[in-house]
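What you see is a predicted model, and the numbers here were worked out from it, not measured in a lab. Ligands are counted one by one from 1 in listed order, and the atoms in each one are counted from 1 as well.
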Amino acid sequence: MILPIVAYGDPVLRKKGDEIDEDYPNLDKLIENMFETMYDAHGVGLAAPQVGLPIRLFIVDAAPFAEGEDADEECADFKRVFINPVIFEESGEEWEFEEGCLSIPNIREEVSRKSVVKIEYYDENWDLYEEELDGILARIVQHEYDHIEGKLFTDRISPLRRTLLQGRLLDITKGNVDVAYKMKFPKSKKR
Ligand code: NI
């Protein structure tokens, strides 16, 4: 089932997510729905707050980055579920990359982040993993991890850029935006 993606301005995107345990209701179904929702919107990552749930869960499928000119083969089979993840180390050079977000449609901005992360997380079978990621994979995970911390990529751009975007961000909150997937806008007047 495709779930509506929560738009910029909704308070759920600003909550620090709670950890979940194995008794979380219908977790398998939720994960399945999140993948369906992400693929429908052509995203490479989706965090639970983006479907209205302030919990520490996000999914990633980096496959689109394994195609095209700057193809990165590592991305081809990087499909993962991250439950209760902890980024316990970030290192390497800061690098800029143009990020977008399914909750902030039609806006892309250069964001600077460190290039390497070490992360511990449970997968959908509650097996515990520790992984070191770099490049685009680290970037996707850092972006999604921000979501479960209540942060958005627009928090990481310069104050000037943010000021320039203010009008467009408000339009997104109100639902005045062209988007091809199902969304939930906090201040939409449309029914
Ligand atoms: Ni996002």
Would you check, one step at a time, whether the test salt bridge (Lys or Arg N to Asp or Glu O under 4.0 Å) holds for Glu99 with Arg139? CA-CA 9 Å; Glu99 297 188 21; Arg139 175 64 62 142; 2.7 Å; yes

Chi angles and distances behind the side chain to side chain contact (heavy atoms under 4.5 Å, CB included) call for Lys182, Asp40: CA-CA 9 Å; Lys182 189 156 74 162; Asp40 174 68; 5.7 Å; no

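Residues Ser103 and Gln50 bring a donor and an acceptor atom of their side chains to less than 3.5 Å of each other. Side-chain atoms of Glu131 and Tyr121 include a donor-acceptor pair closer than 3.5 Å.
A cation-pi arrangement, defined by a distance under 6.0 Å to the six-membered ring centre and an angle within 45 degrees of its axis, is present between Lys79 and Phe35.
Panel detail: the Ni ion (ligand 1) has protein N, O or S atoms under 2.8 Å away, 3 in number.
Evaluated for a salt bridge (Lys or Arg N to Asp or Glu O under 4.0 Å) with Arg56, the options Glu19, Glu144, Glu149 yield exactly one hit, Glu149.
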